[in-house]
Amino acid sequence: MRLSETHEEIRRTARRFAEDVVRPRAEALDRDEAFPADIYAEMAKLGLFGITAPAELGGTGLDPLAYALVMEELSRGYASVADQCGLYELISTLLSVHGTPDQQARWLGPLLRAEIRPAYCITEAEAGSDVSGIKTTAERTATGWRLNGAKLWIHNAPVADVGFVLARTDKAAGKRGMSIFIVPFDSPSVTRGPKEHKMGQRASQVGALQFDNVDLPADSLLGAEGRGFHIMMSALDKGRVGIAALAVGIAQASLEAALDYAKTRRQFGQAVADFQGLQWMLADMAKEITAARLMVHHAAEALETGQNATILCSMAKCFASDMAVTQTANAVQIFGGSGYIRGFEVERLYRDAKITQIYEGTNQIQRTIIARELLAHGVPV
């Protein structure tokens, strides 16, 4: 696929930043589970948050393909940093499409400048893949709303300043009875759980949230009452393109590391790259990564042109994340015993890849979506 000069420039910008700023710190960030606020401040200055948000609202004003390119390049440096970019993209999409002018003025500008840290709050103990199972509620009061409930596995929960919380506002209306609320976390009625210690992407802060009679003003409602489920789901197609691109970036980094190692590591008197079996592993890595990248770009273009892109986004996310887990495992195999040791990049990449099969909708759910779209609309072309 031939990229425009604008796309090439945004890719070069993201690649330079990943190589110069992100990658040198990836090992330490993974080891210490640190939140790199300074990196995010620099990303905001470069316009790497809110890639598709309108320029007049403070965003970069580009398209989903530009977003996918940024996500891949950042992930080559470190997937946790790309994951933060993806979170900001989802929240800025919600605000720019569904926010009132007052909400946009209060939250969107500071968010895109990395002055505030957001959280995207959907998941609960009984509502993971099945979002319809949420128990968090918001009831009307004389002055606005009262929020009660709990969320878990929420990205940025330990450090966030504000949450975009999906809650049930009509218990009898099913998916049509959910709404989104903008919830500042400085309220004493909001309690954070401890930071979870994860297998991979360890610098992405994840934790639980508890809401106990949180009083919210009327203007905390984002979008129309009762449309929260549909608003949240509408952002997930783009989110899945982002995760697919992130998975491609992880796999690309593992291929580059494996290539370098195969050329220098010697066994039986020659470089291991000279052995046909290993050459075939490298060839499979390259072709699978290329196929996944093309799927991501195709889905991103479908989003931009207004097509029904759901099936393409789910295909890209499912294929790319499965590919990333398989190919980072192959990179570990090429490194041999060294690949199993902390401090070698491929060991971290293998751990970082696994969550891409789970978040933004598990790959089992992606297959269900693909089948549903096939049965309803036929084979995409």
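In what follows, every heavy atom counts, from backbone to side chain, and hydrogens, waters and symmetry copies are set aside.
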Just checking [X]: does its [atom1] atom have more than 12 heavy atoms from other residues, nucleotides or ligands closer to it than 6.0 angstrom?
X	atom1	result
Glu139	CD	no
Glu126	CD	no
Gln333	CD	no
Glu196	CD	yes
Tyr350	OH	no
Lys175	NZ	no

Should [X] and [Y] count as an ion pair when the cut-off is N to O under 4.0 Å?
X	Y	answer
Arg16	Asp20	no
Glu345	Arg348	yes
Asp219	Arg106	no
Glu72	Arg76	no

Assess whether salt bridge (Lys or Arg N to Asp or Glu O under 4.0 Å) is satisfied between Lys238 and Glu360, documenting all intermediate values. CA-CA 10 Å; Lys238 187 192 296 181; Glu360 216 73 27; over 6 Å; no
Taken to the nearest 0.5 Å, the spacing of Met232 CE from Ser179 OG works out to 10.5 Å
Just verifying a value: how many Å separate Thr52 OG1 and Glu304 CD, rounded to the nearest 0.5 Å? 9.0 Å
Check whether any side-chain N or O of Ser314 sits under 3.5 Å from a backbone N or O of Ile311 as a donor-acceptor pair, and report yes or no. no
Donor-acceptor contact below 3.5 Å, side chain Glu124 vs main chain Thr136: yes
Ignoring hydrogens and angles, write down the donor-acceptor pairs under 3.5 Å from the side chains of residues 280-290, residues two or more places apart or on other chains.
unit_1, atom_1, unit_2, atom_2, d
Thr290, OG1, Ala286, O, 2.8

If you look only at pairs with a residue in residues 132-167, which of them pass as a ring pair (Phe, Tyr, Trp, His ring centres under 6.0 Å), with sequence neighbours excluded? Trp145-Phe181
